[in-house]
2 protein chains.
Amino acid sequence: MTVCDNLLAETNACPPGSVLIVPEGDDARSAALLKVVADTTRLKILRIIAANGSVCACDLEAPLGLSQPTISHHLRQLFDAGAVTKEKRGTWAYYGINADGLQEINAPLVKLLSHS
Amino acid sequence: MTVCDNLLAETNACPPGSVLIVPEGDDARSAALLKVVADTTRLKILRIIAANGSVCACDLEAPLGLSQPTISHHLRQLFDAGAVTKEKRGTWAYYGINADGLQEINAPLVKLLSHS
DNA sequence: TGTCAATATTGATATCTGTCTATTCTCGAA
DNA sequence: TTCGAGAATAGACAGATATCAATATTGACA
């Protein structure tokens, strides 16, 4: 009776030396999308937008305490990832939550939870 | 009739100059937890664990193609963030999905979606 | 057309992080 | 108790990124 056999008998664990199932999936893409949301500043931006509806970029400078180029940089990342919508009104840029995009970003985590 | 007035009349957007609602929330902590999951290698680890149940760390080296210390480093991050469980059996270390922990990591995104 | 304001882009820099090699730690077994 | 194997830690280094200052772009309006 080897240690591995004991493991198999006593638990539902794969014994050492197992060839594991490796699910298909674009982890690089999923990670890249999650990275956009996994940032203090961008999370704050998203929550401000969610709480206020459509928000002018110009009004984010005060609550965030960051420079205009930095905020523009974050908003671009959020937009490129599909987390927010963007609408230009004259010289102003309005951003809103993109629920569909956020759901896609969130999908890998939801899938992990549904398979466990 | 200013441009701002037009905005208010035609849309539900905050006019430029608005003092925005800034929701409370520990964005730094949320971001730190999400960062752990927002990584190609760690996502792959999580999906392998989810597909195989309890997995020995020693069996991850082959499918990941990374060194043992690197994998140990990633597993520690996942464990510290509460994404996985850890059980030592002799010299082997077994890791499993921690559904509660993953749900907590996921919570900020779920909240964003529920408020929009 | 010319000017001003809001936004976007560029370039530079400091910090963070994923990876490796080398080493140490922790068990089980002889 | 000693040896060997798996896991964890430490230290180093390359690549990524958040930030800012400076500049360019775009659109409204006189």
Side-chain angles (χ1 to χ4, degrees), chain A residues 1-7 10 13-18 27-28 31-45 54-62 64-81 84-95, chain B residues 1-7 13-18 27-28 31-46 54-62 64-81 84-95:
Chain A
M1 184 72 95
T2 67
V3 179
C4 292
D5 291 334
N6 279 323
L7 274 173
E10 295 170 6
C14 299
S18 294
D27 294 311
L33 291 178
L34 280 169
K35 258 188 232 291
V36 173
V37 164
D39 176 88
T40 304
T41 300
R42 290 191 287 270
L43 268 185
K44 193 168 183 185
I45 290 175
S54 194
V55 164
C56 178
C58 61
D59 291 326
L60 288 173
E61 216 160 322
L64 293 177
L66 293 172
S67 69
Q68 177 270 321
T70 297
I71 295 173
S72 181
H73 164 75
H74 286 304
L75 287 170
R76 180 181 170 83
Q77 287 203 53
L78 288 170
F79 178 74
D80 287 347
V84 299
T85 61
K86 174 181 177 180
E87 188 188 1
K88 270 256 182 172
R89 295 208 157 229
T91 61
W92 293 290
Y94 278 78
Y95 290 86
Chain B
M1 183 72 96
T2 69
V3 179
C4 291
D5 291 335
N6 279 325
L7 276 172
C14 300
S18 294
D27 294 310
L33 291 177
L34 280 169
K35 259 187 230 293
V36 173
V37 164
D39 176 87
T40 305
T41 300
R42 291 192 285 271
L43 268 186
K44 194 169 183 184
I45 290 175
L46 286 173
S54 194
V55 164
C56 178
C58 60
D59 292 327
L60 288 172
E61 216 159 321
L64 294 177
L66 293 171
S67 70
Q68 176 268 321
T70 298
I71 294 172
S72 181
H73 163 75
H74 286 304
L75 286 171
R76 178 181 172 82
Q77 287 202 52
L78 288 170
F79 177 74
D80 287 348
V84 299
T85 61
K86 174 182 179 178
E87 186 188 2
K88 270 254 181 174
R89 297 208 155 230
T91 60
W92 292 290
Y94 277 77
Y95 290 86

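If you measure from atom CG of A/Asp59 to atom P of C/dA6, you get 10 Å, rounded to the nearest angstrom. Note: CH2 (B/Trp92) to C1' (C/dA29) measures 11 Å, nearest angstrom. The separation between B/Arg89 atom CZ and C/dA29 atom P is 14 Å, rounded to whole Å. Here D/dG6 presents its P atom at 12 Å from OH of B/Tyr94, a figure rounded to the nearest Å. In this structure, the CG atom of A/Leu60 is 17 Å from the C1' atom of D/dA18, given to the nearest Å. A straight line from CD of A/Glu87 to P of C/dT7 spans 13 Å, rounded to a whole angstrom. Counting to the nearest Å, the P atom of C/dT7 and the CZ atom of A/Phe79 are 15 Å from each other. Atom-to-atom, CG of B/Leu78 to P of D/dA7 comes out at 15 Å; the value is rounded to the nearest Å.
The side chain of B/Thr91 lies closest to C/dC27 when the candidates are C/dT9, C/dC27, D/dT9. Taking every side-chain heavy atom of B/Cys58 into account, D/dA7 is the closest of D/dA7, D/dA8, C/dA8.
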Does the protein touch nucleotides 15-22 of chain C at the base, only the backbone, or not at all? Give it as B, S and - per nucleotide, heavy atoms under 4.0 Å. --SSBBBB
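The OH atom of A/Tyr95 lies 13.0 Å from the CG atom of A/Asp59; values are rounded to the nearest 0.5 Å. Atom-to-atom distance recorded for B/Leu64:CG and B/Thr70:OG1 is 10.0 Å, nearest 0.5 angstrom.
Taking 4.0 angstrom as the limit, B/Arg76 places a side-chain polar atom (N or O) nearer than this to OP1 or OP2 of D/dT9. Taking side-chain N and O atoms only, B/Lys86 has a distance below 4.0 Å to OP1 or OP2 of D/dA8.
Considering only heavy atoms from C-beta on, A/Ile45 stays 4.5 Å or farther from A/Val84 through its side chain.
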Side-chain donor-acceptor contacts of residues 71-81 of chain B below 3.5 Å, not counting sequence neighbours, with atom names and distances?
from, atom 1, to, atom 2, distance (Å)
B/His73, NE2, B/Gln77, NE2, 2.8
B/His74, ND1, B/Arg42, NH1, 2.9

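Across all their heavy atoms, B/Asp39 and B/Val36 have their closest contact at CB-O, 4.3 Å.
Take B/Ala28 and apply the side chain to side chain contact (heavy atoms under 4.5 Å, CB included) test, not counting sequence neighbours, and it matches A/Thr40, B/Asp26.
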